[in-house]
Amino acid sequence: MKFSLKHKNAVVTGGGSGIGQAICIALAEQGANVHILELHSSNAIETVQSIEKIGGKVNVYSCNVAKGEEVRKAFESIIANGKVDILVNNAGIAHIGNLENTSVEDLDRLYEVNIKGVYNCMQAGISSLKEKGGVIINMASIASSVGINDRFAYSMTKGAVLTMTYSVAKDYLDYGIRCNCISPGRVHTPFVDGFIKKNYPGKEEEMFEKLSKTQPIGRMGKPEEIANMALYLCSDEASFITGTNFSIDGGFTTLNGS
Ligand SMILES: NC(=O)c1ccc[n+]([C@@H]2O[C@H](COP(=O)([O-])OP(=O)(O)OC[C@H]3O[C@@H](n4cnc5c(N)ncnc54)[C@H](O)[C@@H]3O)[C@@H](O)[C@H]2O)c1
């Protein structure tokens with residue numbers, strides 16, 4: 001069977017919602033044992049139910065990826081039962097603001113989760129991944145590569161996710177570890193609904209329409225569309241792919257000219 005992940009252990013951060021949830025389900029459908037790192041294990045109930053419904057295997061660990069100690073403990077429990085084959089660093093938080101109205105507290109918060117969270121998980125998982133090789137996927141963004149209004153802190157973090165991906169891909173070539181990142185355009189998830197609600201109260205519908213139309217394809221992406229790319233990159237079918245950034249953005253980065 002193509003894209004089989006049978007007997008593979010996959011760690012997915014932020015698997016309780018949106019893109020992470022769709023990735024967990026896609027990997028479980030292909031036979032992976034899925035380990036979800038979530039802020040609170042209760043966040044992942046829906047994902048767990050979906051995976052159990054299809055007869056898949058799933059474990060959840062309450063873990064803030066920004067906290068090194070919590071991440072190390074979660075990985076110790078996972079590794080005690082088998083090696084890590086796949087790590088998907090998906091957990092991330094949003095922020096709206098330009099240089100002038102981004103506070104240093106906001107900057108640090110975004111750094112802690114979106115950059116240090118990725119670092120913590122890769123560091124905790126790397127020795128296990130090195131044993132027999134494996135796959136790392138990092139969730140970057142179109143904001144990693146192009147300028148987007150009012151995303152100063154967010155762009156900073158996603159630029160770092162892109163370049164950490166290149167660095168790790170290069171350093172671990174000889175260990176059979178492939179490291180890639182995915183750069184989604186706007187994908188309709190609670191992440192998007194949350195920031196529209198917070199930043200544009202009373203104008204939710206108007207903003208949703210506006211944000212949908214910024215993708216030349218005319219809509220936001222669906223979490224499953226990102227999950228299918230993640231599944232491909234995790235599979236042996238993608239064995240020649242490392243150190244690459246995949247845009248999935250309805251043409252946002254290349255087709256926005258008139
Ligand atoms: N939705 C989009 O339009 C979009 C576009 C580009 C990139 N992304 C990226 O994709 C990823 C997932 O986005 P989403 O839209 O599915 O988000 P989401 O908010 O729907 O889900 C994120 C999940 O991560 C968890 N999480 C947050 N902080 C955490 C922490 N410190 N430790 C552990 N878990 C934590 C949350 O509990 C939540 O379940 C993020 O990295 C985001 O930056 C999203």
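Both ligands and their constituent atoms are indexed starting at 1 by order of listing.
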Nearest protein heavy atom with distance in Å, relative to [atom]:
atom: atom 23 (C) of ligand 1; result: Gly14 O, 3.6 Å
atom: atom 26 (N) of ligand 1; result: Ala91 CB, 4.0 Å
atom: atom 19 (O) of ligand 1; result: Phe191 CB, 3.3 Å
atom: atom 38 (C) of ligand 1; result: Glu38 OE2, 3.4 Å
atom: atom 6 (C) of ligand 1; result: Pro184 O, 3.3 Å
atom: atom 15 (O) of ligand 1; result: Thr189 OG1, 2.5 Å
atom: atom 5 (C) of ligand 1; result: Gly185 O, 3.2 Å

* Does the Ser128 side chain pair with the main chain of Val84, one donor and one acceptor, at a distance under 3.5 Å? -> yes

Quick check: [X] and ligand 1, any N/O pair under 3.5 Å apart?
X: Ser141; value: no
X: Ser17; value: yes
X: Val65; value: yes
X: Val187; value: yes

Should [X] and [Y] count as side-chain neighbours, where that means a heavy-atom distance under 4.5 Å?
X: Val161; Y: Met139; answer: no
X: Phe252; Y: Val146; answer: yes
X: Lys158; Y: Arg151; answer: no
X: Val187; Y: Glu225; answer: no
X: Val48; Y: Glu52; answer: yes
X: Ile93; Y: Asn114; answer: yes
X: Ile51; Y: Thr47; answer: yes

State if [X] counts as touching ligand 1 under the rule of any non-hydrogen atom under 4.0 Å.
X: Cys63; result: yes
X: Asn64; result: yes
X: Lys158; result: yes
X: Ala22; result: no

* Asked: Does NZ belonging to Lys73 count more than 12 external heavy atoms closer than 6.0 Å?
  -> no

Using a strict cut-off of 4.0 Å, indicate which atoms of ligand 1 neighbour a heavy atom of [X].
X: Gly92; result: 40 (C), 41 (O)
X: Asn43; result: 37 (O)
X: Arg186; result: 3 (O)
X: Gly18; result: 16 (O), 20 (O)
X: Tyr154; result: 6 (C), 7 (C), 8 (N), 9 (C), 42 (C), 43 (O)
X: Met139; result: 9 (C), 10 (O), 11 (C)

* Answer side chain, backbone, both or neither: which part of Leu39 comes under 4.0 Å from ligand 1, heavy atoms only. => both

* Asked: With backbone taken as N, CA, C and O and side chain as the heavy atoms from C-beta onward, which portion of Val192 lies under 4.0 Å from ligand 1: side chain, backbone, both, or neither?
  -> side chain

* Taking the inter-plane angle between the rings of Phe195 and Phe191 on a 0 to 90° scale, is it parallel (under 30°), tilted (30 to 60°) or perpendicular (over 60°)? -> perpendicular

* Asked: Where does the angle between the aromatic ring planes of Tyr232 and Phe3 fall among parallel (under 30°), tilted (30 to 60°) and perpendicular (over 60°)?
  -> perpendicular

* Electrostatic pair Arg109-Glu112, nearest N-O below 4.0 angstrom -> no

* To do: Out of Ala94, Ala140, Ser42, indicate the one that has the non-hydrogen atom closest to atom 7 (C) of ligand 1.
  => Ala140

* **Heavy-atom proximity to atom 11 (C) of ligand 1, best of Thr47, Ile19, Asn90** => Asn90

* Asked: Looking only at heavy atoms, which two atoms of Val71 and Ala124 are closest? And how far apart?
  -> CG1-CB, 3.8 Å

* Structure fact -> Output for pair (Glu209 CD, Met220 CE), nearest 0.5 Å, gives 8.5 Å

* To do: Check each of Asn245, Asp249, Asn138 against Ser183 using the side chain to side chain donor-acceptor pair (under 3.5 Å) test, and report the only one that passes.
  => Asn245

